[in-house]
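Below: the structure, in structure tokens.
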There are 2 protein chains.
Amino acid sequence: MADLLHNKVEQSLRAQGMRYTSNRRKLVSALEDTSGPLTVDQLYRATKQRVPFSSIYREVRALFEAEVLSLIHSTDRSNRFELAEWLAGHHHHMVCVRCMAISDVALSPRGENKLAELVDRAATDTGYMITDHTLEIEGVCPDCQS
Amino acid sequence: MADLLHNKVEQSLRAQGMRYTSNRRKLVSALEDTSGPLTVDQLYRATKQRVPFSSIYREVRALFEAEVLSLIHSTDRSNRFELAEWLAGHHHHMVCVRCMAISDVALSPRGENKLAELVDRAATDTGYMITDHTLEIEGVCPDCQS
DNA sequence: TGGTCATGTGATAATGATTATCATGTCATT
DNA sequence: AATGACATGATAATCATTATCACATGACCA
């Protein structure tokens, strides 16, 4: 069902005494339709300017605090939001060093296992208690190679 | 030789028509003495307030553009600088989700090879031409576990 | 159904980090 | 020593983000 995502978000928000309003729906939909995290600016355009900046900033922050969105920083100085891992699944990011586009990429289950092993091994030395990991891959995207 | 780093930086800067001044030296030294990337604020304190903010911002940016430093963004919204890979070696980052401290961590050569394989495999699907990768590991640092 | 109260909205103002400006200082080269 | 390029530090300007506030909307209850 196409509304599964919205249902999950709505339940989560309600449980926190928040409403799943049309602004919030538009933002979640915009992120659902895209294959990577978006900046506030990109969200403004993706919602066809129908959500003013002040609201985008407020809502994106509220959704972040409600753990519906997560926040990504990358090699350009921009902040980008994406659906949280429990909604979008575990994945990594590819960044184009030319156009700065970011797209999601998932490893194979086998690859992800290997990565988790590597992370665990690194952790034992440091004494950290590991909670998560993200791989950022830099490169030149197909469009920018020509 | 303890000055090897400074020599390399100085040569690189000279080749670009820049001077390796005492402000710049202080910043590079501060980063050399630390096991992770530093914010502008941390650099201000690390240089014992002897380099004013306006200069830190300007120099850190100049050194970044000269490819002596690189810029890191992490889960808190801060920008952090570190010595570029050709000076500090390839490494990854561990972030403490409690205190937000970031420290460097290097994988074993074997681990790094496996990681490179994983990255290459992911790349073939996407059509990206890979140039680099970074692993960010989140967790709770030893100090914050008590 | 209407009233009431918490929550959400959008315009605008305030904040804070970063960058630009500019007069002055420093270094290298002749 | 003189000249010109680069560097410095104080200050002002900019830009993204956050706070404020009057008004709107939706949920709940009498």
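Just so it is clear: chains get the letters A, B, ... in the order the sequence lines come, proteins before strands, and each one is counted from 1. All figures in this text were calculated on a predicted structure; none of them were measured in a lab. Values below: every heavy atom of this structure, side chains too, minus hydrogens, waters and symmetry copies.
Here the side chains of L13(B) and L63(B) are in contact, with some heavy-atom distance below 4.5 Å. In this structure, the side chains of R24(A) and M18(A) come closer than 4.5 Å at one or more pairs of heavy atoms.
Within a 6.0 Å sphere centred on CD of E67(B), other residues, nucleotides and ligands contribute 12 heavy atoms or fewer.
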Would you check, one step at a time, whether the test side chain to side chain contact (heavy atoms under 4.5 Å, CB included) holds for V40(B) with N79(B)?
CA-CA 8 Å; V40(B) 166; N79(B) 298 323; over 6 Å; no

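Atom-to-atom, CG of L27(B) to C1' of dA7(D) comes out at 13 Å; the value is rounded to the nearest Å. Across the protein-nucleic acid pair, E10(B) atom CD and dC27(C) atom C1' stand 13 Å apart, rounded to whole Å. Atom NE2 of H73(A) is separated from atom P of dT17(D) by 10 Å (rounded to the nearest Å).
Between R25(B) and E10(B) there is a salt bridge, with a side-chain nitrogen of the basic residue lying less than 4.0 Å from a carboxylate oxygen of the acidic one.
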Where protein sits on nucleotides 7-20 of chain C, one letter per nucleotide: B base, S sugar-phosphate only, - none, heavy atoms under 4.0 Å
BSBBBB----SBB-

